[in-house]
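First comes the structure, then the notes that go with it.
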Amino acid sequence: MNKRLLTYGGVLLGAAAGTVLLLEKNRRRTPTSQLNPAAPVRSRHTVRMEAPAARAWQVLSQVNQWPAWQPEIAYAHLPGPVQNGAQFDWSASGYLPIHSTLHTVEPSVSFGWSGAAFGSFAVHNWQFVSHEGYTEVTAEETMEGWLVRLLRPIMQPALDRANARWLARLKQAAEQGS
């Protein structure tokens, strides 16, 4: 009986591993600026900050400095200049590494990237709108993939909290530099 149970367990484990490998092989990886309106996890937040759009954009676009003002970022490394198509690696909240590509680099106006991690693909877009004496910054993100779909009840509130924290910390860093 134990031998049969071990055999069935091994077969199930092998099937699960094979399924994960197949799902990962077919995961979306192509960089894009387009948010997916049908993604299982979506987030949009806006914050008003007492700093010029140029300052807020500068803080966000210095990818290698993210860990200095964003404690949930374990590391971020952009090996070259901030430009469309530049690739960088980073990790948030101690999760798996994320490989991203900048898709939008418009100083003081917008900044965005898309990236893949185990079981997921995300598009993150930021907009900076100047007003008389303040700036509104909006962050939008969509996440898709087999793991995101599977863990949607956990990932939706986690993404909403994470994006709200990003904006709050960006606001603090931009206002301190003003």
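- Note that the OG1 atom of T138 and the CZ atom of R44 stand 5.0 Å from one another [nearest 0.5 Å].
- Residues W90 and S100 have side chains that bring a donor and an acceptor to within less than 3.5 angstrom of each other.
- At a cut-off of 3.5 Å, with distance as the only test, a side-chain donor of R55 or Q58 sits close to an acceptor on the other residue.
- Residues T104 and W126 fail the side-chain proximity criterion, which asks for heavy atoms closer than 4.5 Å.
- Between the side chains of D160 and S43, at least one donor N or O sits under 3.5 Å from an acceptor N or O.
- Aromatic ring orientation, W69 versus W166: perpendicular (interplanar angle above 60°, classes split at 30° and 60°).
- A donor-acceptor pair shorter than 3.5 Å cannot be found between the side chains of E140 and H124.
- I98 places none of its side-chain heavy atoms less than 4.5 Å from the side chain of D89.
- To the nearest 0.5 Å, atoms NE2 (H45) and CD (E141) are separated by 9.5 Å.
- Contact of the T135 side chain with the V129 side chain is not registered, since no non-hydrogen atoms from C-beta on lie closer than 4.5 Å.
- You'll find the side chain of W57 stays beyond 4.5 Å of the side chain of V109, heavy atoms only.
- A pairwise comparison of heavy atoms in H103 and S33 identifies ND1-CB, 3.2 Å as the closest pair.
- With a 4.5 Å cut-off on side-chain heavy atoms, L60 and W66 count as touching.
- Ring-plane geometry between Y134 and H131 is classed as parallel, the angle between the planes falling under 30 degrees on a 0 to 90 degree scale with a further cut at 60.
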Checklist entry - What's the verdict on ring-ring contact (aromatic ring centres under 6.0 Å, His included) for W146 and F121, showing C-alpha distance, side-chain angles and the deciding distance? => result CA-CA 9 Å; W146 67 268; F121 180 83; over 10 Å; no

